[in-house]
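Structure first, commentary second.
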Amino acid sequence: MRSRLIWSAVLVAAIAGFYFATIRPALRESPAVPDRRSINREFAGFQPPPIPPPPLPEIRMPALPLPPPPSVAGAVRRDDSAPATLEVPIQNGATIDFSTGAAHVRMQGADKEALDRALRDMTDATKDTRFPPRK
């Protein structure tokens, strides 16, 4: 019987503590929030003095001579906009590799077999292809 009374007292104390710690402060009126515009008007005269900008360092620009004007009499116009063409001699049965940016001609047995196999595959794929004449 005594333990029930002790537990009841502990439970009542816990509920009272919860009420006074959380619920009762929420029931009170909160203090009024000050109007920000009135605060700004009140402290408008208390602005710090402006800070002057730091002095800029002196920069001395070097004097560069102008390039001589081009001579009109011996002027030759160069058209560098056209890219240079790559001249590669045609060789039957050879593989031309452009993967490095320059043409490299390779002649290998595996290349010859691959070219023959590709040629056979193309002829087999197009043997039944017919185009009707235009009207």
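Side chains included, hydrogens not; waters and symmetry mates left out as well; all remaining heavy atoms used. Numbers for residues simply follow the sequence, beginning at 1.
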Show every donor-acceptor pair shorter than 3.5 Å between a side-chain atom in residues 126-135 and any protein atom, with sequence neighbours excluded, or say none if there are none.
{"unit_1": "Thr126", "atom_1": "OG1", "unit_2": "Met122", "atom_2": "O", "d": "2.8"}

### Message
How long is the straight-line distance from CD1 of Ile6 back to CG of Leu11, given to the nearest 0.5 Å?
### Response
13.5 Å
#### Entry: Transitive ILVMFWY cluster of Val12, excluding itself - 4.5 Å side-chain cut-off
none
Identify every side-chain donor-acceptor pair in residues 15-24 under 3.5 Å, counting partners at least two apart or on other chains, and give the distances.
{"unit_1": "Thr22", "atom_1": "OG1", "unit_2": "Phe18", "atom_2": "O", "d": "2.6"}

